[in-house]
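Note that the structure is predicted; figures quoted are calculated from it, not measured. Below, chain A is the first sequence line, B the second, and so on; all start at residue 1. Computed over heavy atoms, backbone and side chain alike; hydrogens, waters and symmetry mates excluded.
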Amino acid sequence: MSLLEVDAVNTYYGDSHILFDVSMRVEEGEVVALLGRNGSGKTTTMMTVMGILTPRSGEVRFAGHTISGRQPYEIAGLGVQLVPDTRRIVKTITVQENLELAAFSAKSPWSLARIYETFPRLEQRKSFMGRSLSGGEQQMLAIARALIRDARVLLLDEPFEGLAPIIVRDLLETTKKLASEGRTILIVEQNVRAALLLAHRTYVLSKGHVVLEATPADLEARPDVMHRYLGV
Amino acid sequence: MHLIEAQALNGLALGAVLSLVALGLTIVFGLLGFVNFAHGALFMVGAYAGWVVYSQTENFFLAMVAALVVTFIVGLVIERVLIRMYYRRPPEDQILVTYGLAIILVEIVRAIFTGVTRQMPTPAWAAGTVQLAGIFYPQYRLVLIVIAAVTLAILYVVLFRTRIGLIVRAGIDDALIVNILGVNVNRTFLLVFALGAAIAGFSGIVDAPLLAVNPDMGTDLLVQSFVVVVIGGVGSFFGAILGGLIAGEIISLTTAFAADYSSVALYAAMALVLIVRPQGLLGVEGRA
Amino acid sequence: MQVKRNALAGSGSSAEPRIVAALTTTAARAACCFVVRNVPLTTADGAHSAALHVIRSVEPYDIPTVAWIAAVTATLSAVGVNVRHPPQERVRVSFKDATAAPSAKRGATSPRKETDLPVNRTEFLKTGLGTAAGLGLAGAGWDWARAAETPIGNYPAGTEGSSVFVGLLCDLTGSYSADGEDLRKGYLLALDDLNNGTGVMAKIASLAGKKGLLGKKVEYKVADTETKPDPAVQHATEFITQNKAIMFCGGVSSAEVIAMAKLGQQQKVIYMTGASGSNDTTGKDCQRYCFRSQLDAYMVAASLGPHLVKAYGKNRKAIYLTPDYSYGHSLANSMKAETEKLGWKTVADVVAPFPTSDYSSYLTNIANSDADVFINIEFGNDGIASTKQAAQFGIMKKMQLVIPNISTYLPDGLGPEIMQGVYGTQDWYWRLQDRYPLSKIFVQDFVGRWKIRPRWTAHIAYAQTAIWADAVTRAGTFNPVNVIKTLEEGKPTNLMLGPVHYRAGDHQQVRPCPVLLGKKPSAMEGKDDFFDVVDVVPGERVMQPLEDTSCKLPAYS
Amino acid sequence: MARARGAIVPLAMLVFLVAFPTLVGFAGGGVTLAARILVLGLFGLGVDLLFGFTGLLSFGQAAFYGTGGFVAGYLLIHHIVPSTILALAIGMLVAAVAGLVVGSLALRQVGVYFAMLTLAFSQLFYFLDNSPLRELTGGENGLPGVPRAEVFGIHFSSLQETYAFIAIVYFIGFVVMRRIVASPFGHVLRAILDNPIRAAAAGHDVYRYKLVAFTIAAAYAGLAGGLLGLFQGYLPPDMFTIDQSGQIIVMEVIGGPGTLVGPLIGATVWIYLSQVLQNIGAIGSLWKLVLGLVFVLLITGFRRGIAGGVSTFLQQWQRREPAPVPSE
């Protein structure tokens with residue numbers, strides 16, 4: 001049994017049909033990349049898994065529980081944690097409060113010290129308001145919030161988007177480290193190269209359909225697919 | 001000259017009550033994302049709950065407790081029965097349902113207690129006047145300033161020094177991420193709605209010795225507290241206080257010079273704030 | 001997709017000319033139907049042929065347009081617009097009709113100037129579809145005795161059955177809902193007494209031993225004015241047009257009352273006011289069809305003033321808190337004039353906007369003045385809030401509080417602690433039962449029916465209904481002109497305050513004016529025993545001279 | 001063909017307007033009640049453009065209703081303007097200008113904030129009417145003595161004639177509003193209703209479109225206000241109250257937003273129910289409570305009001321046939 005299973009899910013946004021029978025799985029300890037062009041349904045998939053959107057049909061299962069149809073906080077309580085593409089740092093509270101907020105409901109949260117060890121930059125900024133952080137710092141904080149909850153699956157939605165290359169490199173290192181520690185990660189990334197560096201396995205989405213499941217090596221061997229679906 | 005100071009003091013007392021009422025409104029608005037048009041009705045319900053207890057016991061503290069408890073419970077019930085269904089609906093629907101709710105609350109109170117204005121006297125221990133720099137000033141108004149200040153201080157501690165306060169403040173900015181981070185926001189919504197109702201009810205009872213206690217007493221105050229929220233900035237704790245004080249001073253000081261225009265001046269000030277700083281004096285940009 | 005959006009955006013700028021064009025063409029189309037004045041048109045067929053005529057004249061239009069015009073024309077004819085005659089002609093025709101054969105032409109326009117108008121009653125009697133003209137004729141045929149009378153208002157249409165209808169306008173919701181409820185209870189008691197020949201009604205000479213009015217049962221309905229003039233006028237209009245009300249009554253604020261009085265005059269239906277203390281009601285806004293029983297501001301001042309001077313001495317300094325509306329100003333001015341005449345000085349008249357809930361700014365000025373009498377003109381809930389706040393400012397420790405017109409439930413909202421020693425007036429107070437036997441009967445009956453004592457609004461309701469019933473009986477007809485003339489004769493009706501009548505010149509009731517003084521809490525016998533009746537001033541002594549009222553009563557018809 | 005079909009609704013409306021007083025008569029109301037409902041229906045057309053088509057919930061429409069009414073009424077009472085049409089037009093224009101000013105400020109905000117602002121601004125108008133301008137507006141007593149309509153030498157003097165006049169104005173207002181919502185302008189408004197951000201992304205100046213819609217709604221409110229004065233000969237000060245703004249919104253919601261006829265249906269239901277309920281002995285003064293409950297139930301259960309519910313039903317009923325091409 002896979003840790004996370006998405007089974008023939010159809011999701012609507014208002015009246016528009018976004019995901020068509022999307023199925024995928026993520027095994028324990030695996031890093032899976034979700035690839036596809038803009039508007040192919042990657043973020044919608046993440047939101048469906050997190051419970052922000054409820055599928056009209058199909059099921060999402062996590063560690064044997066059916067989680068589709070449940071509230072985000074319940075899903076988070078089971079150990080799924082989304083790091084949203086817009087980061088959603090709470091702007092009106094401090095960095096430390098952002099972390100405390102995330103830690104409240106976790107079963108065995110990391111200590112703040114451990115987080116600050118992983119992200120020293122955040123410690124320097126701990127009493128700053130969320131709104132004053134730079135983009136890279138925000139992304140760090142967003143990932144840190146998920147880590148402090150010790151989530152079993154991290155859903156990283158476009159973690160590298162809009163960041164300076166040097167920061168991307170840093171974050172990539174951090175993410176690699178997390179993966180090497182055996183953390184399960186589902187990552188959505190426009191930056192295909194970065195995603196392929198990290199992932200054990202990939203799914204390619206196009207117009208709401210899963211069109212391909214492949215290893216990074218297989219995918220790189222098929223420039224036609226890369227070009228057609230990923231624009232690379 | 002000393003009359004101007006007295007008017008400033010009047011403004012402070014009026015502003016204190018307005019701040020309190022507006023705070024309840026702004027917290028609910030900030031977190032739940034909609035303005036509670038039944039806030040004025042809850043203010044009235046609080047006054048009536050307090051009056052019922054006061055007329056039995058003649059104890060103003062018990063009356064305050066009753067107002068708090070009753071409106072808190074009314075808030076819980078309303079959220080569970082009605083408001084809950086509206087979280088996923090457009091904000092316009094949410095306004096409308098609270099508008100309908102306001103009618104229902106007012107008419108229920110009228111049906112139970114009739115339209116006769118109820119007698120809510122000044123508590124005996126605060127009925128006198130004190131002499132301040134040569135002018136006589138009602139003790140109860142000073143008490144009112146103190147009650148409002150203490151209540152605001154308690155709310156400050158709750159909001160800024162407790163876990164639930166952190167959740168509320170975060171939720172005001174972004175309720176979804178709080179949900180994603182594993183916090184049961186529904187429970188928080190319930191609590192905050194009831195808290196907002198209780199603040200309204202509490203304001204109702206502490207303001208009752210100044211007002212005519214009747215079913216329609218909340219209407220004017222509702223609109224004034226909207227103005228306070230607009231001036232101060234939605235969802236902002238200090239915005240509500242600042243807005244309340246500004247509104248109170250505008251009303252009192254204009255009255256001293258041109259009574260005809262005291263209400264007009266309030267709305268003109270609101271328009272001015274909107275032109276200069278649309279998000280309100282202490283509001284965060286990009287909200288609402 | 002993108003292209004389509006751009007197309008929409010591009011053509012967006014041309015929307016306004018199109019709208020204007022639409023407006024113009026539609027207006028032109030609608031206007032067409034007025035052009036066809038000379039087309040004979042009396043029935044539905046007439047409308048049809050008129051439409052055909054229009055079709056011929058507007059051939060360039062397409063079918064739907066013509067259909068619209070036909071339908072508009074039909075609308076007009078159906079609802080009774082006289083499309084045939086220009087108005088001047090119509091007036092001429094009706095003059096002739098009125099002199100030659102008044103009885104047969106009930107459906108015709110009565111002779112009057114188009115300008116004074118707003119309502120053309122006789123046309124409205126036709127009720128829409130043209131059938132009522134026939135009904136009117138039939139009605140006239142049955143009653144030869146009255147056939148010679150010109151129909152007026154709802155007379156005789158509203159009196160042809162076995163019952164007549166009276167519309168009751170009460171403030172059941174809104175800020176005067178308590179007073180309105182009291183008013184309602186008073187009306188219901190009065191009308192049931194009238195129909196059953198019981199209670200105070202049975203003590204009125206002309207009504208004794210009779211049930212109903214002129215042998216007819218008096219039906220009624222209650223409508224809620226919501227303490228606002230607009231719903232008041234809406235419901236009153238319905239009572240007049242739909243229920244053929246022969247009289248309507250009620251209203252608690254002067255604003256409602258003045259608006260309804262205007263309506264009564266317009267529709268030629270008698271209106272007996274509810275609570276209204278403004279001088280304007282029988283002053284600049286007085287109406288031939290409106291009668292007011294409550295003390296006006298002048299009477300309040302004139303009956304209260306001497307008592308104030310007697311109680312507090314001459315050479316006093318008074319300060320006023322006045323709501324900024326016409327009633328407030330008229331009461332404040334009357335009080336000022338009266339007390340100044342008796343030697344008092346007016347320190348200031350502090351005017352607060354209406355409505356106000358926080359009076360601190362105004363009270364600060366009052367508290368720090370050197371006045372020794374505080375005369376609070378504020379009424380209703382404003383009166384309660386302002387007086388409570390004044391007490392907090394310690395004003396009553398320094399000054400004597402006077403509330404010239406004590407609103408119905410003001411003592412309940414303020415409590416006896418504040419009310420003790422306060423001078424004021426009310427239209428009526430239940431303690432008057434000790435002086436007037438009919439007041440005693442009234443209180444008894446009211447308590448028997450409603451389990452609470454009547455307040456002064458209930459008294460107004462009962463008294464106004466009774467006086468009207470007396471006048472109708474003495475006139476022997478429901479014809480409003482005769483009833484008004486009977487009321488204007490000034491023959492008194494003996495009621496809860498003894499004999500009362502209306503002054504012919506302004507329709508203000510000449511009636512005893514009770515002066516009240518708030519009781520000590522310890523002296524109260526029961527929760528609503530707030531006052532001692534200090535004096536009852538005969539009305540004749542305190543009436544404003546007619547020439548000062550600026551009242552010019554409009555015509556009877 | 002398309003044109004003929006386009007005329008069906010106006011035709012049906014005309015037939016309805018002819019029959020309306022009779023229908024109201026069956027229900028125990030008079031032609032004045034029918035006229036009042038039409039006035040509210042006209043007022044509601046603007047509210048529908050705002051709320052039903054653009055998604056703007058204004059709680060301050062009473063300000064424009066009152067402004068239009070009092071301006072037109074004042075001009076007519078004091079014979080400053082001899083023509084009814086001209087007075088109505090000036091009232092409408094002043095209301096529109098007031099709408100432009102209030103809108104340009106209030107539309108800086110969206111959603112609830114906007115609703116609060118409009119409400120606060122309408123309070124400003126209320127206080128202006130009541131205190132500083134009371135010499136002109138009659139303050140709390142309102143303005144009596146508005147003469148009946150006279151157009152091109154025709155006097156609309158009886159109640160029936162006044163109804164006809166109001167029906168004609170309503171009809172014109174209805175047809176014009178139909179044109180407005182079917183125009184490219186109306187399409188953009190609906191796009192804003194669907195998704196303001198997408199509409200802005202498509203290059204529309206959302207603020208300006210909203211402002212135009214707000215101004216049109218204010219003009220309709222002003223015209224309706226003028227008609228109220230004409231038919232009851234009196235302008236009540238409560239035209240300016242929050243209650244008035246709230247009531248028209250309630251009517252809009254009960255009737256069905258985005259349907260144009262919604263406010264008319266809502267006004268009919270509201271006024272009819274209030275009259276009926278007031279005359280049920282056991283309910284009497286509780287009528288407002290009952291209506292409040294009905295309103296809350298309606299908004300909870302039937303988002304699209306009565307008209308919306310009926311049209312949904314009809315659409316489902318017609319689904320077997322090929323659906324007519326929607327206007328978008």
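Between the side chains of C/Ser177 and B/Arg110, at least one donor-acceptor pair of N or O atoms lies under 3.5 Å. B/Asn10 and C/Thr364 share a side-chain donor-acceptor pair at under 3.5 Å.
Between chain C and the options B/Asp207, B/Leu14, B/Thr114, the largest number of non-hydrogen pairs under 4.5 Å is found for B/Leu14. When each of B/Ala13, B/Pro215, B/Pro209 is checked for heavy-atom pairs under 4.5 Å with chain C, B/Pro209 comes out on top. Among C/Ile418, C/Leu414, C/Asp171, the residue with the largest count of heavy-atom pairs under 4.5 Å with chain B is C/Leu414.
Put simply, OH on B/Tyr137 and CG on C/Asn368 are 11.0 Å apart, with the number rounded to the nearest 0.5 Å. With rounding to the nearest 0.5 angstrom, the CG atom of B/Asn214 is 10.5 Å from the OH atom of C/Tyr176. For the atom pair OG (C/Ser360) and CG (B/Leu210), the distance works out to 8.5 Å, reported to the nearest 0.5 Å. C/Ile384 contributes atom CD1, which lies 11.0 Å from atom CE of B/Met217 (distance to the nearest 0.5 angstrom). One finds the OH atom of C/Tyr362 at 9.0 Å from the OG atom of B/Ser252 (value rounded to the nearest 0.5 Å). Atoms CD and OH, on B/Gln119 and C/Tyr409 in that order, are 15.0 Å from each other to the nearest 0.5 Å.
Between C/Ser361 and B/Ile251 there is no side-chain heavy-atom pair separated by less than 4.5 Å. The side-chain heavy atoms of C/Lys398 and B/Thr129, taken from C-beta on, include no pair separated by under 4.5 Å. B/Gln139 is not listed as a side-chain neighbour of C/Gln392, based on a closest heavy-atom distance of 4.5 Å or more. Side-chain atoms of B/Arg141 and C/Phe393, non-hydrogen and from C-beta on, do get closer than 4.5 Å to each other.
In this structure, the portion of C/Leu172 lying under 4.5 Å from any heavy atom of chain B is its backbone and not its side chain. Both the backbone and the side chain of C/Asn381 come within less than 4.5 Å of a heavy atom in chain B. With a threshold of 4.5 angstrom between heavy atoms, B/Glu107 approaches chain C through side-chain atoms but not through N, CA, C or O. With a threshold of 4.5 angstrom between heavy atoms, C/Asp412 approaches chain B through its backbone and through its side chain. Contact annotation for B/Ser262: only side-chain heavy atoms (C-beta onward) come within less than 4.5 Å of a heavy atom of chain C.
Across all their heavy atoms, B/Asp220 and C/Pro355 have their closest contact at OD2-CG, 4.0 Å.
Between the side chain of C/Lys388 and the backbone N or O of B/Ala208, at least one donor-acceptor pair lies under 3.5 Å.
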